Amino acid sequence: MRVLFWGTPEFALPALRAIEDGGHEVAGVVTRPDRPRGRGRKPAPSPVRRYAESRGHRVLTPERPRDGAFVDLVREVAPDISAVVAYGHILTRELLEAPRLGSVNVHASLLPALRGAAPVNWAVARGHTHTGVTVMRMVEAMDAGPVLARSELPIGENDTAALLTPRLAELGAALLADTLARLAAGPVEEVEQDHAAATYAPKVSRATARIDWTRDAREVACLIRGMDAVPGAWSVLRGQPVKLFAPETVEGDSGRGFDPGHVVSADPRGGLVVAAGAGAVRIGEVQPAGRRRMEAAAWILGRGPRAGDRFE
């Protein structure tokens, strides 16, 4: 089949490779325009653009894919199907229906759970024990189209969003490859989602990543793991923001008698333990403002926290 691929970040690359490996013709690759990146804020291509150009694919970078001129261009490309993976724009009905077989999307959750921009982050932050990927038929409503295929993945106690993301990308790529092969052979059963059961995963931000220490220890640990590595869960100590990583809930009564956010202990051997609304959390790694990510023990040996300090 002639496949028009839509994608932007690293997450989309395994899917594009799977399309190539499946013997399909890549009719073109649509990705977001170059954006300022890094300390110099110089325009840089997306990971998908870099890879697509290295493979000699035709690359399209519309500022406004909704424009009628771009819709006409897609029709001229004449793909059999569009495959969309983390592209970053809502597509109009005209774009979705331009290919002969319409458009499919790889979404990093088990729909209808976690529709939206950040399903991996929120699966971890909300304490889910499993997640997965869904290939769905695209409709104008967000992540609401009928399901063509799903595949599940467990979430371990120490998994973070950063660890899960590449695993889900590979799982989604394999599921997309299988779905395209089935579509090439004939019609595929499409199962409507249970819209009443839908949950949502909004875009994460610095505000959503701030730790609420009044939550219980497991909820705090899940948030920290869900925001790792970007944007990074954070709190304020002595008037300065600090990002916190690698949490572990502490068994027993370690947090009893301490107000939420108080440092229960801070020594290189026992680590950094902070009281939550119920229980306590041991923090394995930190990133103080303007510094690199480091072991909490190294921070404690320097000018880090002391018992009795309070994170706010």
Side-chain angles (χ1 to χ4, degrees), residues 6-15 31-32 35 37 46-48 65 83-91 104-136 138-145 147 150-173 175-176 193 195 197-212 215 218-235 241 243-247 287 293:
W6 306 63
T8 298
E10 291 280 347
F11 182 87
L13 290 179
T31 189
R32 298 289 294 274
R35 293 286 186 258
R37 306 176 196 276
S46 72
V48 165
V84 183
V85 185
Y87 170 57
H89 262 303
I90 300 295
L91 304 185
V104 297
N105 172 249
V106 176
H107 185 74
S109 80
L110 298 173
L111 292 171
L114 300 173
R115 295 176 179 176
V120 184
N121 301 90
W122 290 113
V124 178
R126 292 174 184 165
H128 292 193
T129 58
H130 65 278
T131 186
V133 291
T134 301
V135 176
M136 66 174 173
M138 294 184 73
V139 296
E140 283 192 291
M142 182 182 67
D143 301 329
V147 172
R150 300 200 314 168
S151 187
E152 190 172 307
L153 185 73
I155 300 176
E157 280 296 318
N158 296 316
D159 274 333
T160 65
L163 289 173
L164 274 178
T165 296
R167 303 208 305 255
L168 288 166
E170 294 292 343
L171 187 64
L175 196 64
L176 175 64
Q193 295 185 40
H195 302 297
T199 60
Y200 295 91
K203 184 177 180 179
V204 296
S205 66
R206 181 171 169 77
T208 58
R210 184 164 189 172
I211 298 168
D212 178 0
R215 309 291 258 178
R218 185 173 185 275
E219 290 176 304
V220 170
C222 286
L223 178 75
I224 293 172
R225 292 188 294 112
M227 299 298 121
D228 184 346
V230 178
W234 64 284
S235 192
K243 291 184 178 182
L244 307 176
F245 307 93
Q287 186 176 8
R293 184 166 167 170

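The shown structure was predicted, so the numbers you read here are calculated from the model rather than taken from an experiment.
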What distance do [X] atom [atom1] and [Y] atom [atom2] have between them, rounded to the nearest 0.5 Å?
{"X": "Asn121", "Y": "Thr208", "atom1": "CG", "atom2": "OG1", "result": "8.0 Å"}
{"X": "Leu111", "Y": "His195", "atom1": "CG", "atom2": "NE2", "result": "10.5 Å"}
{"X": "Thr165", "Y": "Glu170", "atom1": "OG1", "atom2": "CD", "result": "12.0 Å"}
{"X": "Asp143", "Y": "Thr134", "atom1": "CG", "atom2": "OG1", "result": "9.0 Å"}
{"X": "His130", "Y": "Leu110", "atom1": "NE2", "atom2": "CG", "result": "5.5 Å"}
{"X": "Trp122", "Y": "His128", "atom1": "CH2", "atom2": "NE2", "result": "10.5 Å"}

Which pair of non-hydrogen atoms, one from [X] and one from [Y], has the smallest distance, and what is that distance?
{"X": "Ile224", "Y": "Ala246", "value": "CG2-N, 4.4 Å"}
{"X": "Ala108", "Y": "Val120", "value": "CB-CG2, 3.8 Å"}
{"X": "Thr31", "Y": "Val48", "value": "OG1-CB, 4.0 Å"}
{"X": "Gly156", "Y": "Arg225", "value": "O-NH1, 3.6 Å"}
{"X": "Gly226", "Y": "Ala161", "value": "O-CB, 3.3 Å"}
{"X": "Tyr87", "Y": "Arg32", "value": "O-CG, 3.4 Å"}

Item to complete: Take Gln193 and Val147 through the side-chain contact (heavy atoms from CB on, under 4.5 Å) test and state the conclusion after the steps.
Response: CA-CA 7 Å; Gln193 295 185 40; Val147 172; 3.9 Å; yes

Item to complete: Check step by step if side-chain contact (heavy atoms from CB on, under 4.5 Å) holds for Val124 and Asp159.
Response: CA-CA 8 Å; Val124 178; Asp159 274 333; 5.5 Å; no

Discussion item. With a 4.5 Å cut-off on side-chain heavy atoms, are Tyr200 and Met142 touching?
Written reply: yes

Worksheet item: Can you tell if the side chain of Val135 reaches within under 4.5 Å of the side chain of Val106, non-hydrogen atoms only?
Response: yes

Looking at [X] and [Y], would you say the former's side chain and the latter's main chain have a donor-acceptor pair under 3.5 Å?
{"X": "Lys243", "Y": "Val230", "answer": "no"}
{"X": "Thr131", "Y": "Ser109", "answer": "no"}
{"X": "Asn105", "Y": "Met136", "answer": "no"}

Worksheet item: Are more than 12 heavy atoms from other residues, nucleotides or ligands located less than 6.0 Å from atom CZ of Arg167?
Response: yes

Item to complete: For Glu157, look at atom CD and say whether over 12 heavy atoms of other residues, nucleotides or ligands are found less than 6.0 Å away.
Response: no

Item to complete: Dump the intermediate steps for side-chain contact (heavy atoms from CB on, under 4.5 Å) on Leu91 and Trp6, then the final yes or no.
Response: CA-CA 10 Å; Leu91 304 185; Trp6 306 63; 3.7 Å; yes

